[in-house]
Protein chains: 2
Amino acid sequence: MVEKQLNLSKNQKIIFDLIDKSPEPMKAYSILFNVQKKGIKAPLQVYRALDKLVEIGKIHKIESRNAFIACQNSSCQISKTTAFSICESCEKVTEIKDNKLAKYLTNFSDNTGMNYKKYNLEFFGLCKKCKRK
Amino acid sequence: MVEKQLNLSKNQKIIFDLIDKSPEPMKAYSILFNVQKKGIKAPLQVYRALDKLVEIGKIHKIESRNAFIACQNSSCQISKTTAFSICESCEKVTEIKDNKLAKYLTNFSDNTGMNYKKYNLEFFGLCKKCKRK
DNA sequence: CTTTTAAATGTTATATTATTACATAACGTT
DNA sequence: AACGTTATGTAATAATATAACATTTAAAAG
């Protein structure tokens with residue numbers, strides 16, 4: 001259970017902390033705006049940190065939203081096999097941790113016999129709150 | 001087996017035909033470049049047609065690539081439940097048609113009991129050709 | 001067949017997302 | 001300390017996508 005955060009560089013730490021505190025996915029330029037007071041001035045500084053954080057599995061990119069959330073799996077072992085639930089009304093995003101689903105998809109092989117070590121799955125619907133309205 | 005294409009408007013038809021002929025996913029500005037000779041001059045004209053074509057299931061957006069491919073299911077009934085195989089080397093994209101997979105995901109319910117009518121799944125790996133190299 | 005409504009188009013401008021290129025600094029080994 | 005690697009700083013620009021507004025076409029209703 002060793003935290004990887006210790007290895008993060010200055011910019012990476014600043015940006016990870018911001019994303020980690022956010023209750024919702026954050027967009028790159030919103031991140032930029034929020035860290036300008038900490039000396040990060042340029043988009044590229046943000047994108048470089050984001051790239052690295054994605055690479056090491058501390059955050060994930062929600063592809064359909066061009067936004068980033070902190071990984072919810074404390075051990076961060078599934079950074080290449082990701083699944084999310086996205087509310088189409090309030091845009092709330094939750095990372096899905098489901099061993100059966102992960103196993104099913106990791107073992108999935110298509111009609112050519114090919115299988116995959118990496119995938120990204122995004123489910124869409126209405127969250128409980130929004131369903132009531 | 002009635003083709004929906006009959007209902008397409010002029011711009012939609014031009015753009016669908018182009019994407020449908022392409023062996024690989026096409027990006028919006030590449031589409032724009034290719035249809036300028038047919039009188040479509042502005043990005044918005046492309047994006048509007050793309051939006052509509054996605055909406056009616058004639059094409060799909062590959063979210064991780066910001067690119068579009070024609071639907072491979074002749075009946076186009078699964079436009080809201082999509083799965084793709086993406087080669088990380090040559091970028092070849094194939095739509096996965098697998099009833100078991102579709103059923104599994106459509107019936108999937110997360111730990112809150114919520115389930116979903118819509119999803120997008122993108123698998124990543126190396127295609128047969130690229131694996132040999 | 002004409003009125004009405006919805007859908008599609010045309011056009012300009014602009015917003016948002018992301019990368020290229022190049023120079024410098026900090027870090028981890030050996 | 002010298003070396004290679006990773007991270008940073010900065011400016012410019014590329015690539016992706018939408019807002020706002022005017023006009024036209026198509027479909028539906030009367």
Side-chain angles (χ1 to χ4, degrees), chain A residues 2 4-19 22 24-69 86 88 91 93 120 122, chain B residues 2 4-19 22 24-69 86 88 91 93 120 122:
Chain A
V2 177
K4 286 178 199 158
Q5 192 172 352
L6 300 173
N7 302 327
L8 297 183
S9 75
K10 178 173 138 267
N11 287 359
Q12 290 159 17
K13 202 172 304 186
I14 290 170
I15 287 173
F16 174 73
D17 286 345
L18 179 66
I19 296 173
S22 172
E24 63 211 13
M26 292 196 76
K27 301 194 148 219
Y29 277 71
S30 158
I31 292 167
L32 176 57
F33 179 79
N34 277 276
V35 297
Q36 272 174 337
K37 51 199 165 199
K38 302 215 171 178
I40 296 176
K41 296 173 192 164
L44 189 49
Q45 294 175 291
V46 172
Y47 280 105
R48 282 197 287 224
L50 290 174
D51 284 351
K52 187 69 184 185
L53 291 168
V54 166
E55 185 191 325
I56 64 179
K58 296 288 297 179
I59 65 172
H60 303 301
K61 182 172 187 179
I62 309 302
E63 293 287 356
S64 65
R65 300 298 187 259
N66 297 320
F68 300 84
I69 66 170
I86 303 173
E88 289 185 299
E91 294 292 327
V93 173
N120 179 52
E122 299 182 3
Chain B
V2 177
K4 285 178 200 160
Q5 192 171 354
L6 299 174
N7 302 327
L8 297 183
S9 74
K10 178 174 138 267
N11 287 0
Q12 289 158 17
K13 201 172 304 187
I14 291 170
I15 287 173
F16 174 74
D17 286 345
L18 178 66
I19 296 172
S22 172
E24 62 211 13
M26 293 196 76
K27 303 196 148 219
Y29 277 72
S30 158
I31 292 168
L32 175 58
F33 178 80
N34 276 275
V35 297
Q36 273 175 336
K37 52 199 165 200
K38 303 216 172 176
I40 295 177
K41 295 173 194 165
L44 190 48
Q45 294 175 290
V46 173
Y47 281 104
R48 281 197 286 225
L50 290 174
D51 284 351
K52 187 68 184 185
L53 291 167
V54 166
E55 183 191 325
I56 64 179
K58 297 287 296 179
I59 66 172
H60 304 301
K61 181 172 187 179
I62 309 302
E63 293 287 356
S64 66
R65 300 297 186 260
N66 296 321
F68 300 83
I69 65 170
I86 303 173
E88 289 186 297
E91 294 293 325
V93 173
N120 179 53
E122 298 181 4

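A note on names: the letters A, B, ... follow the listed sequences, proteins ahead of strands, and every chain is numbered from 1.
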Where B:Lys27 and B:Ala67 come nearest, the two heavy atoms and their spacing: CG-CB, 4.2 Å
A:Ile19 to A:Phe68 - nearest heavy-atom pair and separation: CG2-O, 3.7 Å
Report the distance from atom [atom1] of [X] to atom [atom2] of [N], rounded to the nearest whole Å.
X: B:Leu8; N: C:dA8; atom1: CG; atom2: C1'; answer: 12 Å
X: B:Arg65; N: D:dA15; atom1: CZ; atom2: C1'; answer: 16 Å
X: B:Ile40; N: C:dT11; atom1: CD1; atom2: P; answer: 12 Å
X: B:Asp51; N: C:dA7; atom1: CG; atom2: C1'; answer: 14 Å
X: B:Leu32; N: C:dT11; atom1: CG; atom2: P; answer: 13 Å
X: B:Gln45; N: D:dA20; atom1: CD; atom2: C1'; answer: 15 Å
X: B:Ile14; N: C:dA8; atom1: CD1; atom2: P; answer: 14 Å

Are any side-chain N or O atoms of [X] and backbone N or O atoms of [Y], one a donor and one an acceptor, separated by less than 3.5 Å?
X: B:Gln12; Y: B:Lys52; result: no
X: B:Gln45; Y: B:Asn11; result: no
X: B:Glu24; Y: B:Glu91; result: no

Comparing A:Gly39 and A:Pro43 on DNA chain D - which has the more 5′ nearest nucleotide: A:Gly39
Side-chain N or O of [X] less than 4.0 angstrom from OP1 or OP2 on [N]?
X: B:Ser9; N: C:dT9; result: yes
X: B:Lys41; N: C:dG10; result: no
X: B:Asn11; N: C:dG10; result: yes
X: B:Lys61; N: D:dA17; result: yes
X: B:Lys52; N: C:dA7; result: no
X: A:Lys10; N: D:dT8; result: no

Flag side-chain contact, heavy atom, 4.5 Å: A:Ile31 against A:Ile40: no
Position toward the 5' end of DNA chain C (nearest nucleotide), B:Asn66 or B:Ala49: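 Comparing both residues, the 5'-ward one is B:Ala49.
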A:Tyr47-C:dT19 aromatic stacking (under 5.5 Å, under 30°):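 A:Tyr47 ring does not meet the centre or angle cut-off for C:dT19; no stack.
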Whether A:Tyr29 stacks on the six-membered ring of C:dT17 base, 5.5 Å and 30° limits: yes
Tabulate atom names and distances for all N/O pairs under 3.5 angstrom spanning the protein and nucleotides 21-28 of chain D.
none

From A:Lys38 atom NZ to A:Ile15 atom CD1, the distance as rounded to the nearest 0.5 Å: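 Output value for this atom pair is 11.0 Å.
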